[in-house]
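Just so it is clear, the structure is predicted and the values come from calculations on it, not from any experiment.
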Amino acid sequence: MKRFISFAGLLGILMMMSTLAFAYDKGDRVLALWEDAYWYPGTVVAVDGNVLTIEFDDGDKATVDSERVNKLDWQAGDIVECRWPYNNKNYPGRFTKVNGENVRIVFDDGDKAELTVRVCRQSRASRLVGR
């Protein structure tokens, strides 16, 4: 019986921890999965249980389940796409430096740029494979 109780207690703790891992607050900076299978940066503007309203950096707004949201946790080495400042088209590359909202990227064609996360996105596939 003691083993069952300790297992049940451990299970309860793990369930509480997983709930806490998905807790977001208004104002949190996040990445949210959009309909086009890309993760875009945005800010949580409302929380209703596991449903979050996200205002994306490009001005769009969406209400999504918390399973489609991650912390904005980009770091050097991440594979992303960012808008090239001279033609506003997205091109693939890799972050070489992330400092808060500011990033340095080397595009696949060798061009480099200093940008903000506001103009970047990450494919679902790139995020799933890790960095």
For Asn88, is the CG atom crowded, meaning more than 12 foreign heavy atoms sit under 6.0 Å from it?
yes
Could you check if a side-chain atom of Arg83 sits within less than 4.5 angstrom of a side-chain atom of Leu115, using non-hydrogen atoms only?
no
Nearest-0.5 Å distance that lies between atom CZ in Phe107 and atom CG in Asn90:
8.5 Å
Closer than 3.5 angstrom, by distance alone: can the side chain of Arg94 be matched with the main-chain N or O of Val106 as a donor-acceptor pair?
no
Would you call Asp57 and Arg121 a salt bridge, taking side-chain N to carboxylate O under 4.0 Å as the test?
no
Would you check if the side chain of Tyr24 reaches a backbone N or O of Val69 as a donor-acceptor pair within less than 3.5 Å?
yes
Donor-acceptor pair, distance only, cut-off 3.5 Å: does the side chain of Arg104 make one with the backbone of Ala113?
no
Using a 6.0 Å cut-off, check whether atom CZ of Arg68 has over 12 heavy atoms from anything other than its own residue.
yes
Is there side-chain contact between Asn70 and Leu33, with at least one heavy-atom pair below 4.5 Å?
no
Nearest 0.5 Å, please: how far is OG1 in Thr116 from CG in Asn102?
7.0 Å
Of the non-hydrogen atoms in Tyr40 and Cys120, which two are nearest, and what is the gap between them?
CD2-O, 4.5 Å
Asp28/Lys71 under side-chain contact (heavy atoms from CB on, under 4.5 Å): CA gap, chis, key distance, verdict
CA-CA 8 Å; Asp28 284 350; Lys71 288 178 60 174; over 6 Å; no
Give the intermediate values and the outcome of side-chain contact (heavy atoms from CB on, under 4.5 Å) for residues Trp39 and Ser126.
CA-CA 10 Å; Trp39 294 89; Ser126 292; over 6 Å; no
Considering only heavy atoms from C-beta outward, does the side chain of Asp60 approach that of Trp34 to under 4.5 Å?
yes
Lys89 side, atom NZ; Asn87 side, atom CG - distance, nearest 0.5 Å:
5.5 Å
Is a side-chain donor or acceptor of Glu55 paired with a backbone partner of Gly42 at a separation under 3.5 angstrom?
no
Contact summary for Arg118 and Pro41, nearest pair of heavy atoms:
CA-CG, 4.3 Å
Does the side chain of Leu52 come within less than 4.5 Å of Val47's, by heavy atoms?
yes
Any Val44 side-chain heavy atom under 4.5 Å of Ile54 side chain
yes
For a side-chain contact (heavy atoms from CB on, under 4.5 Å) check, start with the C-alpha distance between Val103 and Trp74, then their side-chain angles and the critical distance, and finish with the verdict.
CA-CA 9 Å; Val103 295; Trp74 281 332; 5.5 Å; no
Point-to-point distance, once rounded to the nearest 0.5 Å, from CG of Asp48 to OG1 of Thr53
8.0 Å
For Lys112 and Thr96, run side-chain contact (heavy atoms from CB on, under 4.5 Å): C-alpha distance rounded to whole Å, both residues' side-chain angles, the deciding distance at 0.1 Å, then the answer.
CA-CA 10 Å; Lys112 300 174 184 171; Thr96 58; over 6 Å; no
Starting at CD1 of Ile79, measure out to CD1 of Ile105 and round the result to the nearest 0.5 Å.
10.5 Å
